[in-house]
Amino acid sequence: MKKHTGLLYTMPQILWLLVFFAAPLCIIIAYSFLRKGLYGGVEPQLSLDAYTAMANPNILLVTWRTLKISIIATALTLLIALPCGYSIARSKNQAIRLFLVIVPFWTNFLVRIYAWIAILGNEGFLNDILKALHLTSTGVQFLYNQTAVILVLVYMYLPYAILPLFSTIDKFDFTLLDAARDLGATKFQSYVRVLLPNIKSGLVTAGLFTFVPIFGAYAVPLLVGGKDSYMLGNIIADQLTKTRNWPLASSISMTVTVLTTGLVFLIALRKPREQKQVFDADPLLLQPVQAGKR
Amino acid sequence: MDKLRKVILDVSGFLLVSLVLLLSGCGGGQSKTLYIFNWTYYTPDSVIQKFEKEYGVKVVYDTFASNEEMFAKLKAGGANYDITFPSGDYVSIMIKENMLEKIDKSKLKNFANIDPKVLEQCDFDPGNQYSIPYYLGAAGVAVNKTKVASYEKSWSIFARKDLANRMIMLDDMREVMGDALKYLGYSVNTVDQKQIDEARDLINKVWKPNLLKFDAEAFAKSFAAGEVWVAQGYAESIFAEVDKANWNTVDFFIPKEGGPSYLDSMVILKGSKNKDLALKFIDFIQRPDIYAEFCDYFGFPSTVNVPARALKKGESWYRPEDLLNCELKKDVGADLEKYNAAWQTIRVGK
């Protein structure tokens, strides 16, 4: 009896995942093994073309670039999110600070990208200020390069890192830091050797929540990137909508999915206890990734 | 427990039935509705409203951003559009794929208004059995005259190092490759590997180092904001973004070497429930006063409709004669792979 109730409760979630996640994924897998149609679509003919085409040096270069951008952006995000999460956890008015972290979500994702363009553009606010201060006469080219892509990605995914970090740090017993200090640790040592090991699960979650969506980024490199910022997400979109090679788009999507899922599993399997802790701690935190539009 | 399950089944059954009713309700109705699937900003609202008023019908106007998108959506099925506006190469593809309805030209009294020179170019549909020309145009180059004092009206403008990082080209394979091919004196539809390679190298080595980026989404915004001074793209997009007060600072030209041009046509889709109404709409568009209104709205020259040329009140960003050296993009079939490979090195490389 009890078992059935549980199944009933989770049914909507399972159905949702089956219809909107598992089924499309199966279609993508199937398409990746078919021959491409001349005008888009696929021919009902098995083929490994889409996978051999991936060995192309151009695509390998883009994969490497995507990996590089994702790692740098994730590292920077964690570096900024850690002190933020810590200060919110120790603050007296947590509610207001958390609220401020969430406020940007009220504005559409694309509008926020265009806001960055307005700030960083050659004729943007930042250059206006620099010109007024006579630091430059022609303006600095901030936009349309990899640095701009990384900056905007870090901005976009910062809340996804701050929230899980905050929720783990909030449960941390801060008297442990005092104890460490009493036992002779410096302030820095107490953070590194006492705080960090205790919030590892939060760090892992925050890292995943940022790395996974950044690895599939599409709009940010498209809008603030330049000639050197073409990422895997852009290749997939172009193969689908411009070069009419649906199987190749599918095989690259598969590779991205397998790589990121593999990463999640690897971490989940290695740290079963801590993973569980985080997900138990606040199931709501799982939502941003699903809701996050790339 | 069983009771609960029954309740859930009942509720979901009810929801399903109401959903079906809701969906079927959308299609029916007594007053006629014409479903149009068109490019973003390609038919002015005022024209649509006039049609609705004159014929006492309702028009549903959905948009797409590229031929590929339109084709993929229609191919996937489920959409019941009456009219769409493919470019020439896609008209031939859609005829081959048996997606179009034949058009009875005897019912189109305004067909005679179409420039015979344009009809000559319709070799994607000889005799216009399936398609009626809508607009013939080409992408060109917009220059911010306040920033660039002198320039030659040629694709060679993209080789100018003094304008490095202040120039932008479309993220569009056939367009940019076509520009380079034309500049080198080849056809925009060539399938000769050597010529394609030559065009690729010209773009990679001479043009690309001076470009800020390839962009088909926000190029007009970047141009309007002063971010870039030279932009290859569509006139209607550029002037939609640039403030009217600054229009005199913008020069738009079609380079003297010519480039790829496009001829978009109106077609009636197989399975259309309103064939007569669709024919009336096509005829309505080619009525001189309506065609002039459409051209004036976008600053287009009246390339297709002859009598509309005299009725146009506004200025055009380019003249029909400017398109003389341009060449219509055609479907290159399986040879598209050659373009894909070349374009990939352009988009991916440093």
Side-chain angles (χ1 to χ4, degrees), chain A residues 1-5 7-8 11-12 15 36-41 53 56-63 65 110 113-114 117-118 120-124 127 138-139 141 143-146 148 219 221-231 234-235 237-246 248, chain B residues 1-2 4-5 8 12 64-69 71-72 75-76 89-90 92-94 96-97 164-166 168-169 171-174 204 208-218 221-222 224-229 331-337 339-341 343-350:
Chain A
M1 228 23 153
K2 222 173 174 189
K3 242 183 190 168
H4 280 286
T5 332
L7 193 67
L8 228 99
M11 206 35 121
L15 266 179
K36 83 184 191 90
L38 188 49
Y39 301 117
N56 166 336
N58 289 320
I59 294 180
L60 293 179
L61 177 72
V62 173
T63 311
R65 179 187 294 155
L110 285 173
I113 299 181
Y114 277 106
I117 295 178
L120 297 177
N122 283 332
E123 312 291 324
N127 268 316
T138 52
Q141 180 74 50
L143 274 181
Y144 309 122
N145 50 47
Q146 281 188 22
L222 186 73
L223 292 172
V224 302
K227 292 171 284 183
D228 63 350
S229 324
Y230 202 58
M231 286 171 69
N234 306 100
I235 288 204
D238 281 359
Q239 292 301 331
L240 200 62
T241 59
K242 290 183 182 145
T243 49
R244 308 196 289 235
N245 194 339
W246 294 19
L248 184 56
Chain B
M1 202 64 245
D2 277 348
L4 183 57
R5 199 172 294 163
I8 287 178
S12 48
F64 55 85
S66 69
N67 280 306
E68 286 80 4
E69 183 191 335
F71 183 78
K75 203 77 196 143
D89 46 349
Y90 270 81
S92 57
I93 294 172
M94 291 169 86
K96 266 185 232 159
E97 304 270 310
N165 284 330
R166 290 294 193 172
I168 200 164
M169 290 185 96
D171 183 7
D172 186 315
M173 174 173 80
R174 287 299 298 277
N204 263 335
K208 199 169 103 181
N210 301 325
L211 296 178
L212 184 59
K213 65 183 297 197
F214 292 96
D215 188 338
E217 323 284 330
K221 281 195 174 64
S222 305
E227 194 78 27
V228 291
W229 301 335
D331 173 32
V332 292
D335 286 310
L336 191 73
E337 270 314 308
Y339 282 88
N340 286 347
W343 186 243
Q344 212 175 51
T345 70
I346 294 166
R347 284 302 278 117
V348 165
K350 234 263 352 98

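Here is the naming used below: chain letters follow the sequence lines, and residue numbers restart at 1 for every chain.
- Proximity to chain B involves both the backbone and the side chain of A:Thr243, based on heavy atoms less than 4.5 angstrom apart.
- Between chain A and the options B:Met173, B:Glu227, B:Glu68, heavy-atom pairs under 4.5 Å are most frequent for B:Glu227.
- Interface remark: of the candidates B:Val228, B:Leu212, B:Asn67, B:Leu212 forms the most heavy-atom pairs closer than 4.5 Å to chain A.
- In this structure, the portion of B:Ala225 lying under 4.5 Å from any heavy atom of chain A is its backbone and not its side chain.
- Residue contact with chain A, scored on non-hydrogen atoms closer than 4.5 Å, is absent for B:Arg174.
- In plain terms, the two heavy atoms of B:Gly333 and A:Tyr39 that are nearest each other are CA-OH, 4.4 Å.
- Side chains of A:Tyr144 and B:Asn165: a donor-acceptor N/O pair is absent below 3.5 angstrom, by distance only.
- In this structure, chain B has a heavy atom under 4.5 Å from the side chain of A:Gln141, while its backbone stays farther away.
- Contact annotation for B:Tyr339: neither backbone nor side-chain heavy atoms come within less than 4.5 Å of a heavy atom of chain A.
- Proximity to chain B (any heavy atom under 4.5 Å) is restricted, for A:Asn56, to the side chain, taken from C-beta onward.
- A:Ser229 and A:Pro221 make their closest contact through O-CB, 3.4 Å (heavy atoms, listed as atom of the first residue, atom of the second, distance).
- Of the two parts of A:Leu222, the backbone and the side chain both hold a non-hydrogen atom closer than 4.5 Å to a non-hydrogen atom of chain B.
- Each of B:Asp172, B:Asp215, B:Asp171 was evaluated against B:Arg347; a single residue qualifies, B:Asp171, per the salt bridge (charged side-chain N to carboxylate O under 4.0 Å, His left out) test.
- Contact record, A:Ala148 with A:Leu143: CB-CA, 4.0 Å, taken as the closest heavy-atom pair.
- In this structure, the side chain of A:Arg65 does not engage the main chain of A:Gln146 through any donor-acceptor pair within 3.5 Å.
- Contact detail for A:Tyr114 and B:Ala218: the closest heavy-atom pair is OH-CB, 3.7 Å.
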